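Structure, as structure tokens:
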Amino acid sequence: MRDSRAGTEAVRRYRRLVPTASWIFLCIILGSAAGAAGSRLFVGATVLAWLCVCLCLRRRGGSSALLMALLFGCAAAGRATADRWHAAHCRDVIVRRGTLTFVTDFDLASGDAGPARIVSAREGCASSGMVRAQVALTGGEWYATSSRATPGERGVTLSVRDAQRLSQTALRPRLRAAGVRRVDSVFIADAPMARALLLADMHLIDPAIRRRWSRSGLVHLLSVSGVHVAIIAAALLMLGRALRLSHRWAVLMAAAMTAVYVAILGLPPPAVRAAVMFCAVLIAQLRQRPASQWSVLMLGALLPVLVDSAAPLDLGWQLSVIGVVALAASGRLVKRLGWAGPGWHRAVPRELLTSSVASLASTPLIAWFFGTISLIAPLANLLAAPLVAALQPTLFLALLCSPSLTVARFVAGAAHPLLRVLDGIAASGAAPSWAAIDLSPTLAQTLVGGALVSALLVAMVHRDMGTPLLIAAVSAAVLAWMGVWGGVGSGLTEVHFLDVGQGDAAAIRTPHGRWILIDAGGGAPGVDRGRRTVLPYIRRIGGPVDVFILSHPHLDHVGGAPALIGTTRPRLYLDGAFAGGSDAYRASLETASVHHVEWRRVKPADTVRVDGVLLRFLAPDSAWTVGLRDANLASTIVRVEYGHTRVLFVGDAEAEEEDWLLQHTPREWLRADVLKVGHHGSRTSSGAALLDAVAPRLALVSVGRGNRYGHPSADVMREFARRRVPVLRTDLVGTTVVRTDGRTVSVSTAAHHWSLPFPDSSTGSRPR
């Protein structure tokens with residue numbers, strides 16, 4: 001009897017300890033998120049959530065648990081902050097170094113790009129990044145190169161023109177590269193999809209496929225996530241039992257093989273989370289201990305954070321954790337609704353409810369990162385889930401059988417119809433015009449939306465639904481208010497010259513908070529500067545986009561336009577209509593047509609007024625452009641006027657168009673306080689006659705760091721220096737903002753803020 005009571009008391013203590021540990025784990029995660037974040041608004045929201053968790057923990061675990069949570073949370077925040085500073089320092093060191101070593105995850109042919117680890121051995125600094133190969137590279141092999149690295153979308157970008165193979169290799173990239181080779185040899189035509197589903201390599205997936213899978217809400221299936229790892233782990237456990245291993249040995253085999261698989265993938269946070277949860281549940285079963293789903297979730301979420309302090313900011317980690325929370329919450333809701341139990345009349349609505357809750361939970365994140373919300377996602381996922389459950393083990397089995405190519409291809413043949421049916425579901429789901437809607441929320445709106453969704457999830461699992469539903473109602477009201485009043489401006493006209501690398505993008509904010517965009521950036525194939533740089537920038541500040549202006553249809557100016565137009569849906573699309581534009585240009589016109597954005601061809605002397613800001617178009621003229629073959633010479637030239645302040649944008653206009661402009665434009669229309677330097681500072685632009693006519697007080701050059709074109713030209717920079725015109729370059733100072741009240745002009749960069757002198761005056765503040 002005494003042993004029974006002692007056992008019961010131990011179980012009670014265990015059940016009290018596990019939830020307390022879960023709250024402490026959550027505090028560590030929130031501390032890491034606060035330390036790794038760069039946005040003050042995000043840090044503030046995270047700290048507020050941290051305080052709420054601490055209050056709940058104080059009621060459940062007492063003062064000692066609260067003190068422990070605060071200590072661990074502060075330590076996690078300090079570690080994440082130090083890691084962030086060290087990563088920034090390493091990126092700067094690598095960018096400055098002339099000799100680097102690197103290892104790629106995949107075999108790269110000339111012209112390919114892929115993830116890599118880049119190291120500056122002398123300073124002991126390493127950074128993740130992308131390698132754009134101009135020579136053939138073997139995955140898993142270390143190389144030395146004298147090529148220069150530049151800041152990129154994923155850490156740093158290294159364009160490799162020369163590479164010397166070193167003697168050492170890297171185990172994980174070598175195993176991953178070998179896996180890719182085996183996938184290519186086994187699946188042949190289906191290799192791009194198999195790469196994505198097995199090895200998290202999506203760079204061969206056609207953009208059209210990504211688009212339709214995104215619109216149908218199935219894009220998460222194209223990359224290895226927690227669902228894929230859980231399916232493979234369960235299949236390995238079944239395989240162990242089929243081999244007649246004991247339960248213990250079957251569990252150990254499945255756990256070990258899952259851990260090796262996740263390591264080969266590169267320890268992506270969603271995969272680590274799923275593997276840890278799977279192993280934790282199995283170990284609890286072996287030890288005959290109760291496993292709290294929330295404790296297992298917190299443990300699975302915490303382990304990736306211990307590996308990488310910035311994991312809470314990773315979209316995959318966030319979606320993975322939120323997906324599991326949504327599954328647990330929907331399970332509680334199913335029990336409340338009485339839909340548990342056998343029978344298709346319960347199973348179908350139950351699965352549809354689960355899919356709908358999961359889609360709702362991820363809505364704020366998807367809207368922020370991708371600007372698109374799929375309305376058909378619950379139904380599409382309901383149809384796709386059984387296929388994925390059958391497809392993933394089949395793909396993995398084919399990979400395991402790859403030593404025997406005949407057997408492997410036989411198994412891969414069974415996966416082919418499943419892949420085709422999945423793609424058919426995605427295509428059918430993306431077809432309706434209402435299947436997805438485009439959004440462009442600000443960071444504040446995204447955080448309020450997150451609070452709304454979180455309150456609804458808490459209401460599903462909490463016994464007392466009143467308080468969570470009240471918080472949800474208040475969040476919904478705030479979100480509606482922000483939608484109506486979120487576009488209030490500063491009362492000034494602001495011209496934001498955005499740093500988009502080797503390309504152009506400028507955003508003009510009117511005094512009432514509306515945006516006028518000039519160009520959308522571009523970059524290498526697969527790098528959408530419109531979606532990745534321009535759109536997040538204007539969403540952080542807020543306000544609708546009213547006008548989009550395209551200077552000319554070269555990729556570095558129009559590459560991001562389809563995403564920008566589709567997401568922001570401006571009232572007007574203004575363009576010089578140069579014949580023979582790029583694929584991205586045609587895609588931007590098609591997107592404008594789909595979303596009923598009015599397209600208008602501009603001509604000299606056209607004007608458009610937005611909130612007191614006048615856009616005066618000076619070129620191109622149709623008679624001038626009709627015989628041209630170079631789109632640069634047909635650049636749209638526009639002067640932005642507000643009060644007595646003028647900003648002139650000349651696109652990539654070169655000497656011939658500058659001469660035409662000087663001959664056909666009144667001199668008073670060419671005067672400007674700020675000049676956006678033509679063609680990234682190329683020596684073929686910014687002629688002396690044009691500079692005399694414009695007489696700028698400040699010049700801006702949009703240019704990529706270490707670009708292969710040699711922009712800006714030293715001759716052009718000397719010409720500005722001779723005229724004592726200060727020049728700001730985005731490769732050196734980053735994004736630059738010019739603000740004016742119509743008379744005074746101030747300039748801000750990340751490091752300095754100063755005012756321009758008045759015309760015909762030497763007065764004006766110096767940079768500070």
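It should be emphasised that the depicted structure is a prediction, and the values quoted were computed from it without experimental measurement.
Between F720 and V716, the closest side-chain pair of non-hydrogen atoms falls below 4.5 Å. Considering only heavy atoms from C-beta on, V534 comes within 4.5 Å of V500 through its side chain. For the pair V495 and V737, the minimum side-chain heavy-atom distance is 4.5 Å or more. Here the side chains of V545 and I538 are in contact, with some heavy-atom distance below 4.5 Å. A 4.5 Å side-chain heavy-atom check between S128 and I118 finds every atom pair outside the cut-off. R509 places a side-chain heavy atom less than 4.5 Å from the side chain of I541. Counting heavy atoms from C-beta outward, S551 and V638 have side chains that stay 4.5 Å or more apart. Residues V647 and K676 are not in side-chain contact: their nearest non-hydrogen atoms beyond the backbone lie 4.5 Å or more apart.
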Please assess T510 against T493 for the test side-chain contact (heavy atoms from CB on, under 4.5 Å), listing each intermediate value before the final yes or no. CA-CA 5 Å; T510 70; T493 291; 5.5 Å; no
Steps toward side-chain contact (heavy atoms from CB on, under 4.5 Å) verdict (E494, I508): CA-CA 6 Å; E494 305 171 355; I508 302 163; over 6 Å; no
Yes or no on side chain to side chain donor-acceptor pair (under 3.5 Å) for S748 and R739, after CA distance, side-chain angles and deciding distance? CA-CA 8 Å; S748 299; R739 297 180 176 88; 3.1 Å; yes
Could you walk me through whether F548 and V597 pass side-chain contact (heavy atoms from CB on, under 4.5 Å), step by step? CA-CA 10 Å; F548 175 75; V597 176; over 6 Å; no
From CA spacing to verdict: side-chain contact (heavy atoms from CB on, under 4.5 Å), I94, L100: CA-CA 7 Å; I94 289 172; L100 300 169; 3.9 Å; yes
Take F649 and F497, measure what ring pair (Phe, Tyr, Trp, His ring centres under 6.0 Å) needs, and give me the verdict at the end. CA-CA 11 Å; F649 292 84; F497 297 90; 5.7 Å; yes
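Nearest heavy-atom pair, I637 versus A653, reported as atom, atom and distance to 0.1 Å: CD1-CB, 4.2 Å. The two atoms that bring A116 and V131 nearest to each other are CB-CG2, 3.5 Å, heavy atoms only. For the pair S702 and D504, the tightest heavy-atom approach, listed with the atom from each and the gap, is CB-OD1, 3.1 Å. In terms of heavy-atom proximity, A619 sits nearest to P604 at CA-CG, 4.3 Å. Scanning both residues, P570 and V547, for their nearest heavy atoms gives CB-N, 4.1 Å. Pairing each heavy atom of G559 with each of A584, the nearest pair is CA-CB, 4.1 Å.
Proximity of the aromatic rings of H664 and W660 is defined here by a centroid distance below 6.0 angstrom, and this criterion is met. H680 has its ring centre less than 6.0 Å from the ring centre of H557.
Paired with H552 under the rule side-chain hydrogen bond (donor to acceptor under 3.5 Å, both in side chains), one option of D519, N632, D575 passes, and it is N632.
With rounding to the nearest 0.5 angstrom, the OG1 atom of T736 is 11.0 Å from the NE2 atom of H496. Note that CG of L648 and CG of L690 are 7.0 Å apart. Values are rounded to the nearest 0.5 Å. Considering CD of E654 and CG of L633, their distance stands at 5.5 Å, rounded to 0.5 Å. Taken to the nearest 0.5 Å, the NZ atom of K603 stands 13.5 Å off from the CG atom of L618. Expressed to the nearest 0.5 Å, how far NE2 of H595 lies from CZ of R569 amounts to 5.0 Å. To the nearest 0.5 Å, the span separating CG on L615 from CG on L574 amounts to 7.5 Å.
In this structure, D715 does not pair ionically with R683, as no charged nitrogen and carboxylate oxygen lie closer than 4.0 Å. Taking the charged nitrogens against the carboxylate oxygens, D692 and R723 do have a contact shorter than 4.0 Å, which makes a salt bridge. Ion pairing of R616 with E641 is present here, as a side-chain N (NZ or NE/NH1/NH2) and a carboxylate O approach within less than 4.0 Å.
No donor-acceptor contact under 3.5 angstrom links the side chains of D741 and Y642, judged on distance only. Side chains of T645 and D673: no donor on one and acceptor on the other come within 3.5 Å. At a cut-off of 3.5 Å, with distance as the only test, no side-chain donor of R743 or H644 sits close to an acceptor on the other residue. For the residue pair S588 and Y573, a side-chain donor N or O sits within less than 3.5 Å of a side-chain acceptor on the partner.
When atom types are taken as modelled, the side chain of T740 and the backbone of T744 share a donor-acceptor pair closer than 3.5 angstrom. Panel note: side chain T730, backbone V703; a donor-acceptor pair is recorded below 3.5 Å. Side chain of S593 to main chain of L589: no donor-acceptor pair is present (N/O by atom type, distance under 3.5 Å, no hydrogens or angles). Judged by distance alone, the side chain of S147 and the main-chain N or O of R161 form a donor-acceptor pair under 3.5 Å. Remark: side-chain polar atoms of R132 are not paired, donor with acceptor, to backbone N or O of V160 under 3.5 angstrom. Panel note: side chain R646, backbone V694; no donor-acceptor pair is recorded below 3.5 Å.
Among residues two or more places apart in sequence or in another chain, the salt bridge (charged side-chain N to carboxylate O under 4.0 Å, His left out) test is passed with D731 by R729.
For the salt bridge (Lys or Arg N to Asp or Glu O under 4.0 Å) condition, no pair includes a residue of residues 658-669, sequence neighbours left out.
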